[in-house]
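One structure below.
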Amino acid sequence: MATGISVKLPLRVTAPDGPYGLHKNLVGTVKQNFKNLVLTMPGERVMDANFGVGIYAVLFENYSNDVKERLRAKIIEQVQAYMPFVKIRSINFDDSKIDSNLLNVAINYYISPLNFSDVLNLSVEGDLI
Amino acid sequence: MPNVKPPISYTSRDFSTIKDELINYAKIYYPNTYKDFNDASFGAMMIDMVAYVGDILSFYVDYQTNETLMDTAIEEESIVKIAKQLGYKFNNTPVATGEAAFYVSVPANSAGAGPDTDLIPILKSGTLVASDSGAVYTLADDIDFANANTEIKVSEVNTSGAPTKYAYKAYGTIVSGDLVQETIDVGTFERFLKIKLGGENITDVVSVTDSDGNEYYGVDYLSQNTVFRAIRNISTDASSAPYILRNMYVPRRFVTEHNLDNETHLQFGFGSETAIENKSFPDPSTAALKLNGRDFFSDNSFDPSQILKTEKMGVVPVNTTLTVSYRKNTIEDVNAAVNAINTVVDSKIEFRKSSVSNSSALQQISAFEVDNEEAIVGSVALPTAEEIRVRAIDNYAAQNRAVTKQDYLALIYRMPAKFGGIKRANIVQDANSSKRNLNLYVIAENSDGALTTASTTLKQNLKVWLNKYKMINDTIDILDASVVNIGIDFEIIGELEKDFTLVLNDAIDAVKAKYQTKFNLGEPFYISDVFSTLNDVDGVVDTVSVKVTRKTGTGYSSTQFNVDQHTSRDGRLINVPHNLILEIKSPAADIVGVIR
């Protein structure tokens, strides 16, 4: 019988696990959950309209430092609410391709119970919406 | 190994409990496959979606179940449908009725000794009159001006003082609504044919005839094959009983259905012309259950379907044209104040002697005039969903017999709208009567929606209506209830940071909303309700005082009522005698408050 912690995205048939692969360790699980949190738009999740950072929405605003600060604050707020065991160390925006509706974000975070640091790199494209 | 099914908690019906159950289920049965229950996980999202679907399904199950029961139904349409099942006759169109005086001038006879009796007219039912506001009313019954009750006065004299014209005054019952005729083509045979009438705001279907002249009669239920018919009394006692009531067999019949959209339908049965040749009721010996193909029987049960075989709920019209006459309201508010009805729109006149030419006679008599000496009142505000619910339940419990107080009230409110509408009623046993006399107090509503004394015709109709259902040894006095107009003065303390004007307006609106529905006869006034209503208003810290006063003066009732004497010792309620009804006549002026 397959063993694991949670479903691995994207869903793929794997030899040991069957119809879909499973995360075998907590680090990968936390990283995937963190990605879900950042990419989900507020209102998208059923019965919890507050869930999600909604990073895509930024791509349709006039990009400025103010927008970056709001995004940073929103990520920290969402992590505190839904993944309190994660501490944000830094959030870096690479906005060199913002005119092409492409934003690269690197979030450096620390998982307290595991005493483990990692970086979540996201490339967010406007035409994804 | 025994096949043990995992337990399912059927009491988990909302989102959070279903979600909790699913998480517990996963923890117990998939401990090695799934361990991530963080809100941000993919699995949590799937669990949320399943719980959401479960919540929605539970909601609809609850909703549909609630809507099938009278006690819990919320939608007005559901309440009306259930009420119909319980036998409550629903009509969404208000009707007002009352008595109007009709005047006509008749010339003196050739001898100069009294009026020319050949020219005394009969004003036929269907004559139309109108009020100042444009509401049209129809004369319900013929008025024979030769009747002994007619008032006659000399209206014109010649130079020598001899009368040349006589003025006649007679009363007739008028009902709100214009009489409209509609023709409907009917095709081939259709079981339980249902026809929608073109008009809206239809108060009453007066007649239905087909192209062969056959008349179809309106009944309460299609299984009812007899009706009472009023036939004009031409014998000497006509003045005391103008109509004779006859029981009549009606194979051609229909029921009228009104819905919330102000639409009216006629529903027929599924019998054919040949059914009329059959007996009106089957031989009871043939109504026993006969089971073919069996050489045994358990019981000769009474088979209800045998009864239906005779007329199949009445004859349905086939390949013909129906002419439907119905009465429909021309405006929303059909009540009329005293002297408001003053125009004869269309008069239908007949003369007693067939030898008298209508055209020449009409030239000799004057045009008809009309006036209403008492208000024409009926229902103004249609029953709310809650009122329909209560009336339907009472109506069902009454079972067409008036035994208890509730039965009487149900029957009073169920009186067909064409006879007028009683707004509030109360029935009590007369303590001073040695017999079982009952005192019935009634009150109607005027065109402004204020309580007013019920007209004589309305009370007369109510008397006839109750006679049909009351117990044979019950005697009833129908009396006018008295109205006590009250006002409410209150003082409240507002929150400092709030706009006092807005808070005071909200407080007054809250009290107005609380007393929007009219009181019942004898219903006490709970002063404590005003306190709690005011305290619930946003921005109100506390209610300092509430004072209820009797309003007097122009426009208000003159009924004597001492509020202080009827207030309970603890000051929480005002007791009201069973023949009185409280009314806040003009909420805008009668509900006053101060804020500090």
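Computed from heavy atoms alone, side chains included, the values below leave out hydrogens, waters and symmetry copies.
- To the nearest 0.5 angstrom, A/Leu22 atom CG is 10.0 Å from B/Lys35 atom NZ.
- Distance check: B/Thr33 OG1 to A/Ile5 CD1 gives 12.0 Å after rounding to the nearest 0.5 Å.
- Contact of B/Ala51 with chain A is not made at all, since no heavy-atom distance falls under 4.5 Å.
- Other residues, nucleotides and ligands contribute over 12 non-hydrogen atoms within 6.0 Å of the CZ atom of A/Phe93.
- Judged by distance alone, the side chain of B/Asn38 and the main-chain N or O of A/Tyr82 form a donor-acceptor pair under 3.5 Å.
- A donor-acceptor pair is defined here as one N or O able to donate and one able to accept, closer than 3.5 Å; no such pair exists between the side chain of A/Asn36 and the backbone of B/Ser41.
- Considering CG of B/Asp39 and CE of A/Met83, their distance stands at 10.0 Å, rounded to 0.5 Å.
- Applying the 6.0 Å contact sphere to CD of B/Glu77 captures no more than 12 heavy atoms from other residues, nucleotides or ligands.
- Every residue two or more places apart in sequence or in another chain that forms a ring pair (Phe, Tyr, Trp, His ring centres under 6.0 Å) with B/Phe192 is listed here: B/Phe270.
- Heavy-atom contacts from other residues, nucleotides or ligands closer than 6.0 Å to CZ of B/Phe90 number more than 12.
- Among residues two or more places apart in sequence or in another chain, the ring pair (Phe, Tyr, Trp, His ring centres under 6.0 Å) test is passed with B/Phe525 by B/Tyr515, B/Phe519.
- Distance check, rounded to the nearest 0.5 Å: CZ of A/Arg45 to OH of B/Tyr52 gives 13.5 Å.
- The CZ atom of B/Phe42 sits 13.5 Å away from the NZ atom of A/Lys35 when rounded to the nearest 0.5 Å.
- Summarising the local packing, NZ of A/Lys31 is surrounded by more than 12 heavy atoms from other residues, nucleotides or ligands at distances under 6.0 Å.
- In terms of heavy-atom pairs under 4.5 Å with chain B, the best-connected choice from A/Thr29, A/Asn33, A/Val46, A/Val7 is A/Asn33.
- Counting heavy-atom pairs closer than 4.5 Å to chain A, the top-ranked of the candidates B/Met46, B/Met45, B/Met49 is B/Met45.
- Enclosure of atom CE in A/Met47 by more than 12 non-hydrogen atoms of other residues, nucleotides or ligands within 6.0 angstrom is indicated.
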